Each structure stands twice: as C-alpha cells, then as structure tokens.
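First up is the structure itself, then whatever we jot down about it.
Just the heavy atoms: all of them, side chains too, but no hydrogens, waters or symmetry mates, feed the values below. None of these values were measured; they are calculated from a predicted model.
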Amino acid sequence: MSDADPQAGDPSSAPVTPSAAPVAPELPVAPELPAVPEPLDAAEATVPVAGPKRRRVWRWALPVVVVLLLAGAVPVALVATGAADAETPAEAAAPTENPTTVAARQVSERITAQLDRQATALLAGDRAGFLAIADRKVHSELRRRFAGLQELRVTRWEGRPNGLPTPAGSPGEWRLSVEFHYCFVVPDCRPSPLLVNTRWRDGAEPRLIELAKSTATPQVGGRVRAQAGTLPWEVSKLAAAVGKRTIVGTTPAYRDRLPELLRRAEAAARVADEYVVDGAVPDRYRIFYAGPKEWQRWYGGDQPEWGAGYAVNVGGGHYDVVLGPDSFNNRAYLDVMLRHELVHAVSLPDNSYWDDSVWWLIEGLAEHAGADGVPVARYDGLIPTRKLVKGDWNGKLDSLIPAEDASAEEATGSYGISYLAVRYLLDRFGERKVLAFVKAVVHDLRVPRQVSEEVFGKPWGKLQGDCAKYIRRAVG
C-alpha cells in the first residue's frame with residue numbers, strides 16, 4: 001500500500017491485505033465470592049478501568065442469510081527511649097491470630113493438597129483420580145468436565161484457593177472460591193484464569209461436595225478481572241479437533257462438522273495472523289460451534305437478535321470464538337465470519353476497557369479481514385450500508401455501535417460503514433500505520449484526536465471527514 005490518497009473515482013479497488021505486522025465481545029469474581037485480598041496478576045493491578053463492562057465482539061448477519069455475528073500495617077517496632085519502658089519480646093509480638101482465621105488457613109492448605117492431586121490426575125488422563133477428591137454426588141459433573149478438558153487437549157491445570165474459605169453453615173463444611181489456570185494443546189502457554197465457587201467437607205483429606213459453574217461477572221477495579229461466563233466444557237459434552245493454528249470444538253451431535261470446520265478455521269487463521277497489533281499471535285485460536293441449546297448457554301447466552309458469532313475474552317491473551325447455530329448454512333459466509341472473529345482474537349487487548357466510540361475501528365478491521373480483499377462492489381453488506389448512509393447517518397464514526405434490539409439490516413449497515421472507514425485508512429496510509437492507530441486507541445486507550453496527527457500526520461476532524469466522503473462515494 002502507498003501513502004498516496006486512493007483514487008476518488010475507484011472506490012471498489014481491492015485493498016492490500018495487511019502483511020506481517022508488529023492480538024483478538026465479553027474473568028471476574030461472581031457476586032457471591034468472598035473479597036479478594038490480592039490482585040490476580042500484578043500487572044493487572046495497574047491497569048486503568050473505564051467501567052465495569054463485559055465485552056463481546058459480534059459479527060452481524062446478512063438479511064438474506066440466516067447467519068449472524070477483572071502500606072500494609074507493618075508492625076512498627078516501638079523502640080524504647082528508656083530501659084524502664086522497654087518491651088519484652090512477648091509484649092512486642094503480634095496479637096494472637098483469630099482462631100477462625102487459623103482454622104480457615106489450615107483448611108485451605110488441606111484443600112490445596114486435594115486440588116494438586118486432582119490436577120495431577122487430570123494431566124495424566126486418570127479419571128478415577130480426578131473424581132477421587134469429591135463426594136459421589138459431584139461425580140457426574142466432574143466426569144463431564146474431565147471428558148471435555150481431555151477432548152480440548154488440556155496441558156496445564158492448576159487450582160488454588162482465591163482467599164480463605166468461610167464456614168458454610170453446617171459443621172465441618174466450608175465455602176471456597178477456587179482460581180483455576182489452564183492451557184490447551186501447548187504446555188507452556190500463558191494460562192487462562194477461571195474462578196468458581198466450591199463447597200468442601202473438612203477432614204484429613206477434605207471432600208469436594210459442591211462445584212458451581214463459572215458465571216459472567218464485571219471487572220472490579222484493577223484487582224479482579226472480568227469473567228466471560230459459563231465455558232463450554234463446564235456444561236456440555238464436547239468433541240474437538242486440533243490443527244496447527246486452531247482448536248475447534250462442538251457437541252457430539254455435530255462431530256461430523258469438525259473436519260470441515262477445522263480446515264476452514266486453519267485457512268482463516270493464516271489471514272488473522274497478519275493482523276497482530278501488540279505482542280504475538282495466540283498459540284492456538286479457540287473456536288466453538290454452538291447448537292441452538294448451547295447458543296443460549298455458553299458464555300452466559302444473551303445474544304442480540306442480529307448476532308451470529310462473537311469473540312469473548314477469557315484471559316491469558318485468549319479470546320474464545322463462538323459460531324452460532326446457522327453458521328453452516330452458507331459456507332462462503334462461514335469463511336467470512338471465521339476471518340472476522342479470529343482477527344478480533346489477534347487484534348484486541350487482554351482487557352475490555354475500550355470505549356464504545358471506537359467500536360467502528362474494532363469491527364472495521366475485522367470486517368476488512370473478513371472481506372479478504374474483495375472489491376467494494378462485492379462486499380456482502382453493501383446494500384444495507386448504502387441504505388444507512390443515504391438515510392440518517394451523520395458522517396460520524398463514534399456512534400455506530402448498533403443497539404441489541406437493532407434490526408439485522410441496521411446492524412449490517414453499521415458494520416459496513418466501519419469496514420469502509422478502515423478500508424479507506426488502509427488504502428491511504430498502509431497497514432503499519434493503521435495497526436499503530438489501533439494499538440494507540442484500543443490498547444492504550446487514547447482518543448483518536450490525540451493520536452491522529454502523531455500516527456497519520458492529519459488532524460482527526462479532517463481525516464474523519466475524508467472517511468465520510470469516501471464512504472458516500474463507495475456506496476454510490
């Protein structure tokens with residue numbers, strides 16, 4: 001791509017797909033969890049928070065196709081100023097710890113030992129050992145999770161108490177929030193965290209008597225990260241396949257679709273790898289195909305009417321991609337959606353702090369990847385885009401995000417305007433500068449008017465006006 005302006009009379013000229021460049025809505029603590037005394041990650045504690053929003057990044061659907069898109073009280077040594085006032089070591093010692101706290105810490109240590117036993121069994125493929133720490137009434141829940149994690153090629157699994165356990169009411173029973181860290185396929189990946197509530201019966205070897213499913217919770221300051229919601233392997237039987245760049249999973253009912261899904265996902269990953277914004281590409285893109293039931297359960301459900309797929313942040317630098325039930329109705333559109341969602345997984349930061357006003361930039365970049373270089377005239381959302389542009393669009397980009405109750409046509413038009421805006425920037429300035437702009441605005445949380453001249457050498461007001469002119473010409 002050159003630095004020259006694109007031809008005003010040729011809005012349908014094909015863009016240059018970004019080359020290797022300098023990754024990609026919506027893991028927090030459930031409301032009933034005990035307070036977390038320490039940050040989950042030292043780096044996270046310093047991240048500014050723009051609001052407790054849970055983020056998903058959606059892919060819209062064409063109207064003609066029923067497919068959519070988280071100064072301690074250091075004891076001061078009282079130095080004696082006179083021998084008569086000097087304290088004895090016993091007097092200077094810290095006060096006796098609360099007996100309940102002592103008991104809770106001891107219980108925590110025993111539970112940790114059980115969690116370690118369970119992790120060892122899981123990684124060894126020992127289902128009996130995985131179940132052994134739990135009461136029989138929890139076994140069916142654990143069997144499903146064991147099978148799902150094995151299908152997904154779990155290579156790392158660690159469970160640690162998240163705070164101290166609290167008495168559960170019945171004698172000898174304790175409630176405890178447990179933080180798990182896991183990897184799939186790659187043993188040394190940056191693990192994704194997961195918080196779940198548990199209940200234990202104490203003893204020399206505590207027994208797990210209740211295991212809750214993770215729930216969607218918002219970011220809490222810089223201490224506790226947002227959590228995506230119930231994960232597929234927590235609630236569903238799974239079948240999975242692994243490729244060089246992707247892992248794809250679904251329920252056994254759709255097992256026969258895995259070979260084709262894997263092939264298409266691998267092709268989409270090769271495109272998405274070119275859109276890395278900050279850091280490195282994911283070790284594996286994680287993709288789940290949902291049937292109608294799973295579409296309403298996985299990651300909290302709550303899909304907008306126009307959604308057919310989304311990418312949701314699960315931490316550890318990973319976004320899980322979910323494809324809706326109708327994804328296989330149109331194979332060409334399935335490829336578009338895979339490229340779109342995988343670019344979210346590689347281009348978005350490991351937080352969900354960005355403002356809705358930059359939705360157009362996030363989605364426009366993903367739409368550009370989805371289109372994969374086709375001329376503007378062949379862009380699959382061009383007709384609804386034209387209708388929105390010629391309707392009440394004011395030429396601004398910062399208010400394009402569609403409402404959840406928007407029609408599919410309205411949502412498609414918003415995605416189309418976003419696509420054309422990013423395409424204009426790519427054609428005019430090249431992928432290196434556009435990806436630098438994405439990093440500054442989406443990752444570093446700077447507003448476009450602060451960085452436009454720095455990155456593009458043009459004031460944002462002028463540049464946004466140029467985008468609007470290009471978009472109006474492109475739709476005809």
Side-chain angles (χ1 to χ4, degrees), residues 27-45 70-80 85-122 129-139 141-142 156-182 191 193-215 217 220-225 227:
L27 285 175
V29 177
E32 68 271 20
L33 300 182
V36 183
E38 296 293 340
L40 295 182
D41 186 307
E44 292 176 357
L70 166 227
V74 179
V76 178
L78 299 177
V79 181
D85 295 328
E87 294 181 0
T88 65
E91 291 172 331
T96 303
E97 194 169 29
N98 185 295
T100 302
T101 303
V102 173
R105 183 169 291 113
Q106 293 170 345
V107 171
S108 179
E109 291 172 355
R110 291 191 287 271
I111 291 176
T112 299
Q114 290 290 76
L115 292 170
D116 287 343
R117 286 181 56 196
Q118 187 183 51
T120 299
L122 174 64
F130 188 76
L131 303 178
I133 71 165
D135 190 270
R136 282 188 174 276
K137 66 181 181 181
V138 190
H139 281 191
E141 180 80 26
L142 289 177
R156 180 172 176 178
W157 184 262
E158 300 169 352
R160 286 293 179 268
N162 183 41
L164 290 177
T166 59
S170 300
E173 293 187 2
W174 297 79
R175 296 190 184 278
L176 178 66
S177 172
V178 177
E179 180 183 345
F180 294 99
H181 289 81
Y182 60 92
L194 178 69
L195 287 169
V196 297
N197 289 328
T198 64
R199 189 159 58 95
W200 300 76
R201 184 184 303 116
D202 192 23
E205 294 184 342
R207 304 286 288 180
L208 177 65
I209 58 176
E210 186 179 319
L211 177 64
K213 298 171 180 63
S214 62
T215 56
T217 53
V220 180
R223 300 171 60 199
V224 181
R225 69 159 45 253
Q227 186 154 287

query = Using a distance-only test with no angle check, is there a side-chain donor-acceptor pair under 3.5 angstrom linking E141 and H139?
reply = no
task = Taking all heavy atoms of P206 and all of Q114, pick out the closest pair and write down the distance.
result = O-NE2, 2.8 Å
inquiry  = Can you list everything that forms a side chain to side chain contact (heavy atoms under 4.5 Å, CB included) with E109? Sequence neighbours excluded, please.
reply    = R105
key: Pairing residues for Q118 by the side chain to side chain contact (heavy atoms under 4.5 Å, CB included) criterion, not counting sequence neighbours   = L115, F130, I133, L142
request  = Using a strict cut-off of less than 4.0 Å between a Lys/Arg side-chain nitrogen and an Asp/Glu carboxylate oxygen, indicate whether R199 and E173 qualify as a salt bridge.
outcome  = yes
query = Shortest non-hydrogen contact from R110 to A204?
reply = CD-O, 3.8 Å
ask   = Between E205 and R117, is there a side-chain N and carboxylate O pair less than 4.0 Å apart?
value = yes
request  = Take D135 and L208 through the test side chain to side chain contact (heavy atoms under 4.5 Å, CB included) and record every step on the way to the result.
outcome  = CA-CA 6 Å; D135 190 270; L208 177 65; over 6 Å; no
request  = Could I get the full list of side chain to side chain donor-acceptor pair (under 3.5 Å) partners for T198, not counting sequence neighbours?
outcome  = W200
task = Using the test side chain to side chain contact (heavy atoms under 4.5 Å, CB included), find all partners of A104 that sit at least two apart in sequence or belong to another chain.
result = L164, P165, W174
ask   = Under 4.5 Å between any side-chain heavy atoms of V178 and N162, yes or no?
value = no
task = Could you give me the CA-CA distance, side-chain angles and deciding distance for E210 and V138, then say whether side chain to side chain contact (heavy atoms under 4.5 Å, CB included) is met?
result = CA-CA 6 Å; E210 186 179 319; V138 190; 5.7 Å; no
key: Beyond-backbone contact of T112 with P161, side-chain heavy atoms, under 4.5 angstrom   = yes
task = Mind listing the closest non-hydrogen atom pair of G163 and L176 along with its distance?
result = O-CD1, 3.5 Å
key: Test side chain to side chain donor-acceptor pair (under 3.5 Å) applied to R156 - qualifying residues, sequence neighbours left out   = E158
key: With T120 via side chain to side chain contact (heavy atoms under 4.5 Å, CB included) - residues at least two apart   = none
message = Would the distance check show the side chain of R207 and the main-chain N or O of R201 forming a donor-acceptor pair, the cut-off being under 3.5 Å?
response = no
